[in-house]
Undergrad: 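Take a look at the following structure, please.
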Amino acid sequence: MSDHEVDVSAKPIENAWEMKIPEFCKEDNPHGLVEESSFATLFPKYREKYLREAWPLVQNSLSGQGIKAELDVVEGSMLVKTSRKTWDPYIILKARDMIKLLARSVPFEQAMKVLQDDIGSDIIKIGTLVRNRDRFVRRRQRLIGPNGATLKALELLTNCYVLVQGNTVAAVGPYKGLLHVRRVVEDTMKNVHPIYHIKTLMIKRELAKDPKLKNENWDRFLPNFKHKNLSKRKEPKKKRVKKKYTPFPPPQPESKVDKELASGEYFLKESEKSAKRREEKREKQVEATKVREEKRKAAFIPPPEKSRKQEKDSQTSTSLCQDVDVEKLKKKVKSHTQKQKKRKL
């Protein structure tokens, strides 16, 4: 077994983030690559000036890894390809990510970090997550925060560089931090405020410092936020109570003819039927007039008067309440006169 190989069979890995991956050196692949690989990406017109100035720095950083970089200003594209000197097979993918970040307005100082083994990049597409344009702009601004405060807090907690531009969010940093950034960005677009995630990340950071709580469950320390803006479904005024299931169908409702047969109206003549209807109508009218008259008379009915005994009892109760304690009144007047004399002196 060589020095750079990892002994996987020794112990089962519980936490993959703590596993140290050895560096891939030039001695591991002395013969180089067999085939040439290349990647190209387009860039917008406004990035042309910056890329022309920074392109010598890009070429210098990639030449150390044996990667050739070309800038085509006419077509507006950047190209990276392997050469005979390239010994790392994965570096071409890192170079591809680097030119993608440069095309998305990420500065060279941050994009260059992708070439390191323990640092990656993630481009999160947020344009399709929200349909309404105004709502999308508001939620994107919520991710940035006032004067970029929310974005800066997220960068400090995840150790990542985050750039929000247009319909995408570009992030550069360690792989664990990129997972947190993606989760925060997607939840913000789903109307979950980023401050909730920032609070949980801050608590986790403090708990990780304590060696006693390192291997314990942190759910009891983390805040449990509930959605308050979820509107309840409108419930009907009259709720239907479900009846018990029966395999038999409901009884057939009686028709008009069946009802007439049961009451005996079916066998009456037309003149008798019309006379009966008139009588029913008259009865209803009489009842309605009675109700109307009662309502009118109710306004003229005098209210119940109190008896003389009740009036006397009420007068005596008021007189008792109005009785004054003479001694207390004298003391109060005396104290008041003494105070006035003192003021004059």
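We number each residue from 1, following the sequence as shown. A quick note: this is a predicted structure, and the numbers were derived from the prediction, not measured.
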Undergrad: Below 4.5 Å, heavy atoms only, C-beta onward: do Tyr50 and Pro107 meet side chain to side chain?
TA: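 In short, these two side chains touch, coming nearer than 4.5 Å.
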
Undergrad: Check the pair Lys330, Glu327 against salt bridge (Lys or Arg N to Asp or Glu O under 4.0 Å), reporting the backbone distance first and the verdict last.
TA: CA-CA 5 Å; Lys330 282 179 181 179; Glu327 289 180 4; over 6 Å; no

Undergrad: Honestly curious: do Val106 and Leu51 fall in one hydrophobic cluster under the side-chain, below-4.5 Å linking rule?
TA: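 In one cluster with Val106: Leu51, no.
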
Undergrad: Is atom CZ of Arg183 surrounded by more than 12 heavy atoms (other residues, nucleotides or ligands) closer than 6.0 Å?
TA: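 No, because the 6.0 Å sphere around CZ of Arg183 holds 12 heavy atoms or fewer from other groups.
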
Undergrad: Using only heavy-atom distances, determine whether the side chains of Asn60 and Ser63 contain a donor-acceptor pair under 3.5 Å.
TA: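 Ser63 and Asn60 do not have a side-chain donor-acceptor pair below 3.5 Å.
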
Undergrad: Run the side-chain contact (heavy atoms from CB on, under 4.5 Å) test on Tyr46 and Ser105 for me, step by step, so that the C-alpha distance in whole Å, both residues' side-chain angles and the decisive distance to 0.1 Å come before the verdict.
TA: CA-CA 9 Å; Tyr46 64 86; Ser105 301; 3.5 Å; yes

Undergrad: Hey, what do you get for CG (Leu33) to CH2 (Trp87), rounding to the nearest 0.5 Å?
TA: 10.5 Å

Undergrad: Do you know which two heavy atoms are closest between Phe108 and Ala54, and how far apart they sit?
TA: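 Looks like CB-CB, 4.5 Å.
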
Undergrad: Given side-chain contact (heavy atoms from CB on, under 4.5 Å), test His336 with Gln340 step by step and report yes or no.
TA: CA-CA 6 Å; His336 186 65; Gln340 281 184 341; 3.4 Å; yes

Undergrad: Using every non-hydrogen atom in the two residues, find where Val73 and Glu48 come nearest and quote the distance to one decimal.
TA: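 The answer is CG1-OE2, 2.8 Å.
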
Undergrad: Counting only heavy atoms not in Glu272 (residues, nucleotides, ligands), do more than 12 fall under 6.0 Å from its CD?
TA: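 Result for CD/Glu272: enclosed.
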
Undergrad: Let me confirm one number: the NZ-CD1 distance from Lys81 to Ile67, rounded to the nearest 0.5 Å.
TA: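 That separation rounds to 11.0 Å.
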
Undergrad: Within this structure, what is the CG-CE distance for the pair Leu102 and Met78, rounded to the nearest 0.5 Å?
TA: 5.5 Å

Undergrad: Using side-chain heavy atoms (C-beta onward) and a distance below 4.5 Å, is Ser274 in contact with Arg278?
TA: yes

Undergrad: Each residue besides Val169 in its hydrophobic cluster should be listed here, by chain and number; the cluster joins Ile, Leu, Val, Met, Phe, Trp and Tyr at side-chain heavy-atom distances under 4.5 Å.
TA: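 Result for Val169 is Ile124, Ile126, Leu129, Val130, Phe136, Val137, Leu143, Ile144, Leu151, Leu154, Leu157, Val162, Val164, Val181, Val184, Val185, Met189, Ile198, Leu201, Met202.
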
Undergrad: Would you compute the distance between atom NZ of Lys68 and atom CD of Glu36 and round it to the nearest 0.5 angstrom?
TA: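 Between Lys68 NZ and Glu36 CD, I get 7.5 Å after rounding to 0.5 Å.
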
Undergrad: Below 4.0 angstrom, N of the basic side chain to O of the carboxylate: do Lys190 and Glu186 qualify?
TA: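 No salt bridge links Lys190 with Glu186.
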
Undergrad: For Lys290 and Val286, what are the C-alpha separation, side-chain angles and deciding distance, and is it a side-chain contact (heavy atoms from CB on, under 4.5 Å)?
TA: CA-CA 6 Å; Lys290 277 182 183 179; Val286 168; 4.2 Å; yes

Undergrad: When clusters are formed by joining ILVMFWY residues with side-chain heavy atoms under 4.5 Å apart, either directly or through shared neighbours, do Leu71 and Val58 land in the same one?
TA: yes

Undergrad: Measuring from Gln285:CD to Arg282:CZ, what's the distance to the nearest 0.5 Å?
TA: 8.5 Å

Undergrad: With sequence neighbours excluded, tell me which residues meet salt bridge (charged side-chain N to carboxylate O under 4.0 Å, His left out) with Lys276.
TA: Glu265

Undergrad: Please name all residues satisfying side-chain hydrogen bond (donor to acceptor under 3.5 Å, both in side chains) with Asn29, sequence neighbours left out, ordered by chain then number.
TA: none

Undergrad: Going by the rule side-chain hydrogen bond (donor to acceptor under 3.5 Å, both in side chains), which residues pair with Glu254 if we only count those two or more places apart in sequence or in a different chain?
TA: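 side-chain hydrogen bond (donor to acceptor under 3.5 Å, both in side chains) list for Glu254, sorted by chain: empty.
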
Undergrad: If you take all heavy atoms of His197 and Asp187, which pair is closest and at what distance?
TA: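 Here His197 and Asp187 meet closest at NE2-OD2, 2.8 Å.
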
Undergrad: Once rounded to the nearest 0.5 Å, what's the spacing between atom OG of Ser255 and atom CD of Glu260?
TA: 9.0 Å

Undergrad: List the atom of Arg133, the atom of Asn167, and the distance in Å for their closest heavy-atom pair.
TA: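 Result for this residue pair: NH1-OD1, 3.6 Å.
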
Undergrad: If you take all heavy atoms of Leu156 and Arg205, which pair is closest and at what distance?
TA: O-NH2, 3.4 Å

Undergrad: Where is the tightest heavy-atom contact between Arg47 and Ala103, given as atom of each residue plus distance?
TA: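 Nearest heavy atoms, Arg47 then Ala103: CG-O, 4.1 Å.
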
Undergrad: Quick one: side chains of residues 88-100, donor-acceptor pairs under 3.5 Å with protein atoms, not counting sequence neighbours, listed by atom name and distance.
TA:
{"from": "Asp88", "atom 1": "OD1", "to": "Tyr90", "atom 2": "N", "distance (Å)": "3.2"}
{"from": "Lys94", "atom 1": "NZ", "to": "Val114", "atom 2": "O", "distance (Å)": "3.2"}
{"from": "Lys94", "atom 1": "NZ", "to": "Gln116", "atom 2": "O", "distance (Å)": "2.9"}
{"from": "Lys94", "atom 1": "NZ", "to": "Ile119", "atom 2": "O", "distance (Å)": "2.6"}
{"from": "Lys94", "atom 1": "NZ", "to": "Tyr175", "atom 2": "OH", "distance (Å)": "3.3"}

Undergrad: Ignoring hydrogens and geometry, is there a side-chain-to-backbone donor-acceptor pair from Ser37 to Thr82 under 3.5 Å?
TA: no

Undergrad: Taking only residues at least two apart or on different chains, which pairs with a member in residues 134-155 satisfy side chain to side chain donor-acceptor pair (under 3.5 Å)?
TA: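 Non-adjacent pairs meeting side chain to side chain donor-acceptor pair (under 3.5 Å): Arg142-Asn191.
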
Undergrad: Can you hop from Phe39 to Trp55 via hydrophobic side chains spaced under 4.5 Å?
TA: yes

Undergrad: Are Met112 and Leu101 connected, step by step, through hydrophobic side chains (Ile, Leu, Val, Met, Phe, Trp, Tyr) whose heavy atoms are closer than 4.5 Å?
TA: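 Unlinked, Met112 and Leu101 end up in two clusters.
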
Undergrad: Are more than 12 heavy atoms, taken from residues, nucleotides or ligands other than Lys85, located less than 6.0 Å from that residue's NZ atom?
TA: no

